[in-house]
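All values below come from the heavy atoms of this structure, side chains included, with hydrogens, waters and symmetry mates left out. Note that ligands are numbered from 1 as they come in the structure, with each ligand's atoms numbered from 1 the same way.
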Amino acid sequence: MSTTYQNLIGGSWVAAQSGKTFDSVSPANHTDVVGTFPSSSAADVDAAVEAAKRAYPAWSMMPAPKRGEILFKVARILAEHKEELSRLMTREMGKVLTEARGDVQEAIDVAYYMAGEGRRLFGQTVPSEMPDKFAMAIRKPIGVVGIITPWNFPVAIPGWKLFPALICGNTAVIKPASDTPACAIRFVELLMEGGIPDGVVNIVTGSGTEVGNALVEHADVKVISFTGHTDTGVEISTRAAKTLKRVSLELGGKNPIVVWEDADLGLALDSAVWSAFGTSGQRCTAASRLIVHRAVHDEFVEALRKRVAGLVLGDGLDDKTDVGPVINETAVERIAAYAAIGRGEADLVIGGEPAREGALGKGSFFQPTIFAEVKPDARIAMEEIFGPVTSVIAVDNWEETVRIVNSVKYGLSTSLFTRDINLAFRSIRDFESGLGYVNHGTIGAEAHLPFGGTKATGNGHREVGQAALDFFSEWKSVYIDYSGKLQRAQIDMEFIDQS
Ligand code: NAP
């Protein structure tokens with residue numbers, strides 16, 4: 001059943017001013033229209049930013065513990081609706097239901113974590129260098145935040161951006177991915193049930209070029225938090241520079257799992273299958289490179305081939321399905337083009353084609369694909385494919401391994417399977433990435449540690465954990481002089497003679 005959805009602006013659900021709409025369809029079955037959505041323009045963005053600006057004084061002045069109480073309620077409501085939201089997500093973007101539940105749970109976890117921050121939002125107090133003077137730094141909200149999100153984590157990512165923004169006292173306008181607007185709108189409806197005041201959270205659907213650009217260029221939007229493709233991030237960052245916005249970019253990845261000769265091969269295999277083919281390989285942290293010590297290479301590749309041959313493709317709502325569809329036909333074409341490149345660069349072990357048999361023909365499916373004998377500098381080993389494709393690279397020694405791990409332009413997640421504690425620590429020191437795992441695949445970050453990557457994966461900011469508070473608040477250093485006289489910092493100091 002298809003539903004018509006609207007934008008949320010200042011607490012009211014409204015159509016796009018142009019009256020234009022677009023549909024979101026299920027990637028598992030293109031005849032299943034999930035909903036019809038406003039195809040908004042800059043005028044709708046203006047209205048939403050205006051609403052967020054109007055809501056800002058009251059929200060930013062509300063004591064943070066009170067904002068936290070609202071977020072606690074939001075977290076409870078999300079938990080009550082977890083199954084409904086997860087099913088909608090599987091229908092709209094395809095990931096299997098168990099993974100969709102994990103996606104919603106991540107938003108719930110961040111909501112609880114940030115709700116608790118309402119009673120902390122720790123600043124700093126330090127001794128002053130002058131007598132009778134108090135020195136501290138406090139967090140201040142910034143203003144209206146623009147949130148631009150991708151389709152692959154359609155609830156977790158809006159959640160992990162929005163909740164820290166709100167607890168710090170900002171108001172927000174969300175522009176969700178055009179492939180998953182239903183998930184984002186249902187998420188926002190539930191937030192409103194939790195008691196978020198009108199105008200504090202607004203959502204405007206529509207294309208990246210119209211709605212996204214309008215948010216990025218809007219003079220009254222002070223912060224942009226973006227997750228998506230590296231090329232889009234560069235464009236956003238360039239445009240946002242004109243209004244000196246604070247911009248956080250979480251971008252692509254080309255993440256390796258290294259399987260050393262002493263690894264627990266069964267565990268490494270389970271983790272590689274999960275990390276490479278979970279969410280049909282459409283995670284920024286997906287293991288798209290498997291760097292395997294030559295001593296165990298052939299055994300590992302054969303075991304991997306057998307496991308992948310047994311994976312069941314299908315609708316993520318069917319509990320027999322291991323791997324769901326990819327997001328749309330454009331993705332199928334992109335992945336197929338990379339598979340063709342791969343055939344010229346390496347050995348195809350399994351897969352390599354779109355999957356169109358039977359019911360799969362109704363949607364956008366691609367066979368789980370493994371390439372072996374991949375050269376470290378092959379295109380399939382260097383570029384983000386964002387689909388169920390992984391490349392096995394054989395290595396002989398540690399120095400070569402470190403060089404290959406670090407040879408890509410991205411730096412999001414890295415993983416090493418070994419029983420050697422020395423190598424484990426060396427991997428944490430030497431692999432260039434924002435997330436480092438030992439004896440665990442490349443996916444599965446938790447809500448209370450910083451999330452993000454190095455190099456072309458981002459611009460140095462981090463999501464969630466305490467790090468998110470730094471991005472969504474402004475530091476204000478405060479000095480209170482109770483000496484009753486002029487005291488000049490760095491000048492009126494009594495130096496201790498250190499000679
Ligand atoms: P995308 O094409 O860059 O789109 C992301 C969002 O940006 C969408 O809402 C899109 O709108 C919007 N957008 C597109 N062009 C824009 C522009 N010129 N100005 C403003 N907004 C614009 O990325 P995607 O395909 O949705 O997501 C996949 C990518 O995200 C992969 O590269 C993946 O690695 C990355 N990702 C990174 C992380 C991380 O934390 N590092 C997490 C998840 C995903 P439309 O949908 O309307 O085009």
Minimum non-hydrogen distance to atom 41 (N) of ligand 1, winning option of Leu251, Asn152, Asn213: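 Heavy atom nearest to atom 41 (N) of ligand 1 belongs to Leu251.
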
From the options Gly208, Ser413, Ala184, select the one whose nearest heavy atom is closest to atom 22 (C) of ligand 1.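 It is Gly208 that holds the nearest heavy atom.
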
Quick check on [X] - does any of its heavy atoms sit under 4.0 Å from an atom of ligand 1?
{"X": "Gly206", "result": "yes"}
{"X": "Phe153", "result": "no"}
{"X": "Gly453", "result": "no"}
{"X": "Pro176", "result": "yes"}

For residues [X] and [Y], is any side-chain donor paired with an opposing acceptor at under 3.5 Å?
{"X": "Ser364", "Y": "His30", "result": "yes"}
{"X": "Glu99", "Y": "Thr279", "result": "yes"}
{"X": "Ser413", "Y": "Thr285", "result": "no"}
{"X": "Lys222", "Y": "Thr243", "result": "no"}
{"X": "Asp470", "Y": "Gln466", "result": "no"}

Atom NZ of residue position Lys53 - does it have more than 12 heavy atoms of other residues, nucleotides or ligands inside 6.0 Å?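 No.
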
Using a cut-off of 6.0 Å, state whether more than 12 heavy atoms not belonging to Glu83 lie near its atom CD.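 Counting neighbours around CD of Glu83, more than 12 heavy atoms of other residues, nucleotides or ligands fall under 6.0 Å, so yes.
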
Got the closest protein heavy atom to [atom], with its distance?
{"atom": "atom 11 (O) of ligand 1", "value": "Lys175 NZ, 3.1 Å"}
{"atom": "atom 27 (O) of ligand 1", "value": "Pro150 CB, 3.4 Å"}
{"atom": "atom 35 (C) of ligand 1", "value": "Gly228 O, 3.2 Å"}
{"atom": "atom 24 (P) of ligand 1", "value": "Trp151 NE1, 3.5 Å"}
{"atom": "atom 9 (O) of ligand 1", "value": "Thr149 O, 2.8 Å"}
{"atom": "atom 12 (C) of ligand 1", "value": "Ile148 CG2, 3.7 Å"}
{"atom": "atom 28 (C) of ligand 1", "value": "Phe386 CE2, 3.6 Å"}
{"atom": "atom 36 (N) of ligand 1", "value": "Cys284 CB, 3.6 Å"}

Measuring only between side-chain heavy atoms, which start at C-beta, is [X] closer than 4.5 Å to [Y]?
{"X": "Ser86", "Y": "His81", "value": "no"}
{"X": "Leu290", "Y": "Pro256", "value": "no"}
{"X": "Asn7", "Y": "Ile185", "value": "no"}
{"X": "Ser24", "Y": "Phe37", "value": "yes"}

Distance filter under 4.0 Å to [X] heavy atoms, resulting ligand 1 atoms:
{"X": "Ser207", "answer": "47 (O)"}
{"X": "Ile157", "answer": "42 (C), 43 (C)"}
{"X": "Ser178", "answer": "45 (P), 46 (O), 47 (O)"}

Taking heavy atoms and a distance under 4.0 Å, where does [X] meet ligand 1: side chain, backbone, both or neither?
{"X": "Glu384", "answer": "side chain"}
{"X": "Phe451", "answer": "side chain"}
{"X": "Thr230", "answer": "neither"}
{"X": "Asp231", "answer": "neither"}
{"X": "Thr232", "answer": "side chain"}
{"X": "Glu235", "answer": "side chain"}

Report yes if Thr457 has an N/O atom closer than 3.5 Å to an N/O atom of ligand 1; otherwise report no.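 No; the residue has no nitrogen or oxygen that sits under 3.5 Å from a nitrogen or oxygen of the ligand.
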
Trp59 ring centre to Arg54 NZ or CZ under 6.0 Å, with the angle to the axis within 45°?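 The answer is no; the distance or angle limit is not met.
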
State the CD-CG distance between Gln17 and Asp46, to the nearest 0.5 angstrom.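 CG of Asp46 is found 8.0 Å from CD of Gln17.
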
Looking at NZ of Lys455 and OH of Tyr410, how far apart are the two atoms once the value is rounded to the nearest 0.5 Å?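 Result: 11.5 Å between the selected atoms.
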
Would you sort out whether Phe386 and Arg334 count as a side chain to side chain contact (heavy atoms under 4.5 Å, CB included), showing the intermediate values? CA-CA 9 Å; Phe386 222 57; Arg334 187 191 62 245; 3.6 Å; yes

Look at atom 4 (O) of ligand 1 and say whether a protein heavy atom is found at less than 4.0 angstrom from it.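 No; the ligand atom in question lacks any protein heavy-atom contact below 4.0 Å.
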
